[in-house]
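A short write-up of the structure that comes next.
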Number of protein chains: 2
Amino acid sequence: MAMTAQRRNTKQKEAIRAAFQEADRPLSPEEALLLAQKQVDGVSIATIYRNIAALLETKWLTAVQIPGASTRYEVAGKAHHHHFQCVTCGATHELEGCEIKERPKLPRGFKYGGHEFFVYGTCASCAKKR
Amino acid sequence: MAMTAQRRNTKQKEAIRAAFQEADRPLSPEEALLLAQKQVDGVSIATIYRNIAALLETKWLTAVQIPGASTRYEVAGKAHHHHFQCVTCGATHELEGCEIKERPKLPRGFKYGGHEFFVYGTCASCAKKR
DNA sequence: ATCGTTGCAAACTCTTTGCAGGATT
DNA sequence: AATCCTGCAAAGAGTTTGCAACGAT
């Protein structure tokens, strides 16, 4: 994939950036599509993927890999933090800070590279509905 | 998906169970296929998926969702533990125990359901090779 | 002999890519 | 005007399913 970062401003691209900026949580491509389509109609999913790729390249976005769900993306530059996933609606939310202080013990010969931590449960709006 | 758990013994099924039992780590469907094919040739990937589904249903296997990688499966019944993923070869390994003692602070109204913890790095055999 | 299980191929879902027309600089 | 960007549709990768033949009971 030798795509160069896009540089022209289009209404699609602005809608996509706005979607990520206004959502206060990581978005899947599908979620970004729905939000962007509220501002510009006819946005295609291909454009979402292409712009996400471009925004990753310029490090405006970062990928958030979720176990058992498609990759989410969030605006880059935040402090080290982890994520919460609602088991009811599937939305991903940010958690503040990181409570993992010590490096876990690894088997002999393994080298530590980093960690990820996820919390599952029910988000406030889903908890309210039942 | 209304598949009922399979009950007949076939050489394919035995090879698949043996693959999971002998591997000392969670396997992806592709890894299970390669291991099963060493015992029975011509095993198809569809059979792997169908047997994994059946073994999940009978709770002989459990799914291990990995961020950014396809789902792995491991023999069920182990104590609560977490996983390590090698950034070089992609293999998943088990870690012993769980060092997360306290529940993380969640936003107002959120309900805690559980957690997952992953460590990334280089496994012993990949570390040795360089 | 019955009917569960398999391999093959087609179907599906999610993501990526080629292309021609449209938009931005 | 040049060429970047978009939408559409086709192409890929991973997973699931229909079907006829095979094989376990």
Which residues pass the side chain to side chain contact (heavy atoms under 4.5 Å, CB included) test with [X], not counting sequence neighbours?
{"X": "B:Gln21", "value": "B:Trp60"}
{"X": "B:Lys111", "value": "A:Thr122, A:Ala127"}
{"X": "A:Tyr112", "value": "A:Arg103, A:Pro104, A:Leu106, A:His115, B:Val119"}

For this session: Report yes or no: do B:Tyr49 and B:Val64 belong to one cluster of Ile/Leu/Val/Met/Phe/Trp/Tyr joined by side chain heavy-atom distances under 4.5 Å?
Result: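 Cluster IDs for B:Tyr49 and B:Val64 differ.
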
For [X] and [N], what is the distance between atoms [atom1] and [atom2] respectively, to the nearest whole Å?
{"X": "B:Asn51", "N": "C:dT5", "atom1": "CG", "atom2": "P", "answer": "8 Å"}
{"X": "A:Leu55", "N": "D:dC5", "atom1": "CG", "atom2": "C1'", "answer": "14 Å"}
{"X": "A:Arg7", "N": "D:dT6", "atom1": "CZ", "atom2": "P", "answer": "13 Å"}
{"X": "A:Tyr73", "N": "C:dC14", "atom1": "OH", "atom2": "C1'", "answer": "11 Å"}
{"X": "A:Ile48", "N": "C:dT17", "atom1": "CD1", "atom2": "P", "answer": "17 Å"}

With a 3.5 Å cut-off and sequence neighbours excluded, list the donor-acceptor pairs that the side chains of residues 65-72 of chain B form with protein atoms.
{"unit_1": "B:Gln65", "atom_1": "OE1", "unit_2": "B:Thr71", "atom_2": "OG1", "d": "2.9"}
{"unit_1": "B:Ser70", "atom_1": "OG", "unit_2": "B:Arg72", "atom_2": "NH1", "d": "3.4"}
{"unit_1": "B:Arg72", "atom_1": "NE", "unit_2": "B:Thr92", "atom_2": "OG1", "d": "3.3"}
{"unit_1": "B:Arg72", "atom_1": "NH1", "unit_2": "B:Ser70", "atom_2": "O", "d": "2.9"}
{"unit_1": "B:Arg72", "atom_1": "NH2", "unit_2": "B:Gly90", "atom_2": "O", "d": "3.0"}

For this session: Give, ordered by number, those residues of residues 8-18 of chain B having at least one heavy-atom distance below 4.0 Å to an atom of DNA chain C; if nothing qualifies, reply none.
Result: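 DNA chain C contact set from residues 8-18 of chain B: B:Arg8, B:Thr10, B:Gln12, B:Lys13.
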
Exercise. Does D:dT6 have OP1 or OP2 sitting under 4.0 Å from an N or O in the side chain of A:Ser44?
Worked result: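 The answer is no; no side-chain N or O of A:Ser44 sits under 4.0 Å from OP1 or OP2.
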
Problem set entry | Listed partners of B:Glu99 passing salt bridge (Lys or Arg N to Asp or Glu O under 4.0 Å), at least two apart |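 Salt bridge (Lys or Arg N to Asp or Glu O under 4.0 Å) list for B:Glu99, sorted by chain: empty.
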
Exercise. Does a distance-only test, which skips hydrogens and angles, find a donor-acceptor pair under 3.5 Å between the side chain of B:Arg50 and the base of C:dG4?
Worked result: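 There is none.
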
Exercise. Apart from A:Leu34 itself, what residues make up its hydrophobic cluster, given side-chain heavy atom links below 4.5 Å?
Worked result: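 Traced through the cluster, A:Leu34 reaches no other member.
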
For this session: Identify, with sequence neighbours excluded, every residue that meets side-chain hydrogen bond (donor to acceptor under 3.5 Å, both in side chains) alongside B:Gln37.
Result: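 So B:Gln37 forms no side-chain hydrogen bond (donor to acceptor under 3.5 Å, both in side chains) with any residue.
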
Below 3.5 Å is the cut-off: list the nitrogen or oxygen pairs between protein and nucleotides 10-15 of chain D, distance only.
{"unit_1": "D:dT15", "atom_1": "OP2", "unit_2": "B:Tyr49", "atom_2": "OH", "d": "2.1"}
{"unit_1": "D:dT15", "atom_1": "O5'", "unit_2": "B:Tyr49", "atom_2": "OH", "d": "2.7"}

